[in-house]
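Taking it in order: structure first as structure tokens, then the write-up.
What's counted below: heavy atoms across the whole structure, side chains too, no hydrogens, waters or symmetry copies. Letters A, B, ... are given to chains in the order of the sequence lines, protein chains preceding strands, and every chain is numbered from 1. Predicted model only: the values in this text are computed from it and were never measured.
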2 protein chains.
Amino acid sequence: MAITREPLTRLRIVELALGIIDTEGLSALNMRRLAAAAGVQPMSLYHHFPNKDAILGAVAESIAGAALGDQRAAGTWQERTRLLFAGLYELVQAHPRALPLITTGVLRTPSGRHWMEELMGVLLEAGFTPDAAARVYHLLGAFTLGLGYAQLLSLEVPAETIIGELTGHWADYPNLLRVGLQLAIWDQPADFATGLDVLLERFAKELGEAG
Amino acid sequence: MAITREPLTRLRIVELALGIIDTEGLSALNMRRLAAAAGVQPMSLYHHFPNKDAILGAVAESIAGAALGDQRAAGTWQERTRLLFAGLYELVQAHPRALPLITTGVLRTPSGRHWMEELMGVLLEAGFTPDAAARVYHLLGAFTLGLGYAQLLSLEVPAETIIGELTGHWADYPNLLRVGLQLAIWDQPADFATGLDVLLERFAKELGEAG
DNA sequence: TTGTGCTACCGTACTTTGTACGCCTTACTT
DNA sequence: AAGTAAGGCGTACAAAGTACGGTAGCACAA
């Protein structure tokens with residue numbers, strides 16, 4: 001009665017990899033660790049992927065597909081844009097530890113390209129010039145990614161660490177002391193919504209003046 | 001007549017490391033490469049730093065010191081805040097490839113802490129509650145960092161690569177096609193200024209309503 | 001002059017991680 | 001029954017961080 005383990009597939013490898021990344025971080029993911037999680041010898045992974053990079057790419061694709069899958073909403077261009085970026089934000093929040101992957105990979109996956117195409121469609125249809133549409137994408141994209149990196153940072157360098165480094169020096173930092181733990185407590189989704197609205201409003205005004 | 005090379009010092013190691021990071025990227029920096037650049041054997045580096053991480057930390061400190069050194073400006077709180085973030089932005093633009101270091105390290109260096117203390121001083125003095133001050137920092141910080149990561153991305157995945165991946169699929173992406181190269185051409189500093197202004201304006205309004 | 005100790009630097013070797021290469025087993029086909 | 005392809009494995013090597021124990025040159029006291 002042999003122990004029959006789950007068969008190794010691309011999908012299973014990707015799922016396990018994402019699990020490791022989410023719980024232990026990107027740097028904890030290595031081929032031996034991943035193989036062990038799958039109950040298999042390291043070299044077996046290479047039957048399904050040519051190398052580690054390909055696995056990371058597949059992880060990015062998987063994440064992107066799940067969050068950016070089918071975003072086709074109605075409404076004003078503001079509402080539709082907001083929805084598109086809400087999807088991106090969700091992605092970034094769901095897997096902050098995979099962010100470096102997402103940054104370099106998402107827009108190069110089919111789902112990512114679709115998302116981008118959709119966004120450009122919305123903006124051009126609303127009357128933005130190609131130039132202005134690119135600007136909207138750049139600014140909102142940077143803002144959204146930035147929030148993701150802030151999230152990642154708070155995972156990798158917990159507030160206690162920073163506070164620990166400050167003990168004994170509070171006298172030098174009276175204002176930091178006053179703000180204190182507020183720096184660690186953060187209703188990020190609410191702030192994301194605020195920032196997005198403010199920027200969108202600005203773009204709307206520009207559009208009105210130009211159009 | 002022996003060839004006398006520059007003596008190895010902490011400063012020299014940091015400068016060489018930053019040079020390698022700036023020109024070849026973080027992943028190109030390893031102890032053997034760094035030693036070779038200094039004209040020295042790898043283990044000699046360990047006389048000046050306990051390990052590689054310490055070198056990276058010193059690089060972060062050096063960068064932070066240069067850009068956030070002494071920022072003590074007069075003016076309205078908006079002007080002072082803008083100046084502080086302009087410094088951060090400058091830092092991020094000057095060494096985009098060192099961004100991952102900066103993200104985890106800058107606020108943990110003396111210069112970074114000073115910057116933070118200064119910022120909190122400006123905001124609290126302006127009448128923001130500690131809570132609101134933290135919010136300003138979070139949002140503007142994420143925005144600024146996000147732009148930095150966008151810069152890094154454009155270095156690591158050049159526009160030609162992405163465009164190359166799209167050839168043959170343009171029919172599927174009519175809107176992307178219309179925007180085309182505009183996506184790669186980006187007056188980022190101008191957009192940084194715009195974004196910063198818009199967000200600051202919003203914070204000013206909130207302050208007015210609350211105060 | 002000789003010993004003592006300190007600073008800067010180096011050689012060797014071990015560990016971790018990615019992966020090239022080729023073998024083995026299983027299951028299905030003919 | 002024999003062939004064959006897919007999936008899995010064992011061995012081995014290269015790149016990179018670094019522990020450990022030197023050595024060489026200099027300063028200075030006895």
Is the closest basic N to carboxylate O distance between A:Arg33 and A:Glu24 below 4.0 Å?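 A salt bridge is present here (some side-chain N lies under 4.0 Å from a carboxylate O).
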Salt bridge present between B:Asp197 and A:Arg202 (N-O < 4.0 angstrom):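 Salt bridge between B:Asp197 and A:Arg202, a charged N being under 4.0 Å from a carboxylate O: no.
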So [Y] and [X], do their side chains get closer than 4.5 Å, heavy atoms only?
| X | Y | result |
| --- | --- | --- |
| A:Leu56 | A:Leu26 | yes |
| B:Leu176 | B:Trp170 | yes |
| B:Arg113 | B:Leu107 | no |

Please give, in whole Å, the distance from [N] [atom2] to [X] [atom1]?
| X | N | atom1 | atom2 | answer |
| --- | --- | --- | --- | --- |
| B:Arg33 | D:dA14 | CZ | P | 21 Å |
| A:Ile13 | C:dG18 | CD1 | P | 14 Å |
| B:Tyr46 | C:dC10 | OH | P | 15 Å |

Report the residues that fulfil side-chain contact (heavy atoms from CB on, under 4.5 Å) with B:Asp191, sequence neighbours left out, ordered by chain and then residue number.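 For B:Asp191, the residues satisfying side-chain contact (heavy atoms from CB on, under 4.5 Å) (neighbours in sequence not counted) are A:Arg135, A:Leu139, B:Trp186.
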Taking only residues at least two apart or on different chains, which pairs with a member in residues 166-176 of chain B satisfy salt bridge (charged side-chain N to carboxylate O under 4.0 Å, His left out)?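 Output for this query is empty, none listed.
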Given B:Phe203 and B:Trp77, is the ring-ring contact (aromatic ring centres under 6.0 Å, His included) satisfied, shown in steps? CA-CA 11 Å; B:Phe203 294 133; B:Trp77 68 264; 7.8 Å; no
Listed by chain and number, what are the side-chain hydrogen bond (donor to acceptor under 3.5 Å, both in side chains) partners of A:Arg97, not counting sequence neighbours?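 Listed in chain order: nothing, the list is empty.
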Under 4.0 Å from OP1 or OP2 of [N]: is there any side-chain N or O of [X] that close?
| X | N | result |
| --- | --- | --- |
| B:His47 | C:dA8 | yes |
| A:His48 | D:dA6 | no |
| B:Ser44 | C:dA8 | no |

Please tell me whether A:Gln188 and A:Tyr89 have a donor and an acceptor in their side chains that are separated by less than 3.5 angstrom.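 Yes - a donor-acceptor pair under 3.5 Å links their side chains.
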Which class fits the ring pair B:Tyr173 and A:His114: parallel under 30°, tilted 30 to 60°, perpendicular over 60°?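 Taking A:His114 first and then B:Tyr173, their aromatic rings stand perpendicular (interplane angle over 60°).
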Please list, pair by pair, any protein nitrogen or oxygen found under 3.5 Å from a nitrogen or oxygen in nucleotides 24-28 of chain C.
none

Nearest-nucleotide wise, let me know which of B:Thr9 and A:Pro42 is further upstream toward the 5' end of DNA chain C.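 The residue closer to the strand's 5' end, by nearest nucleotide, is B:Thr9.
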Check nucleotides 11-17 of chain C against the protein and report each pair of N or O atoms closer than 3.5 Å, with its distance, or say if there are none.
from	atom 1	to	atom 2	distance (Å)
C:dG11	OP2	B:Gln41	NE2	3.3

Using C1' atoms of five pairs at each end, report the bend of the helix from C:dT1-D:dA30 to C:dT30-D:dA1 rounded to 10 degrees.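 Rounded to the nearest 10 degrees, the bend comes out at 30°.
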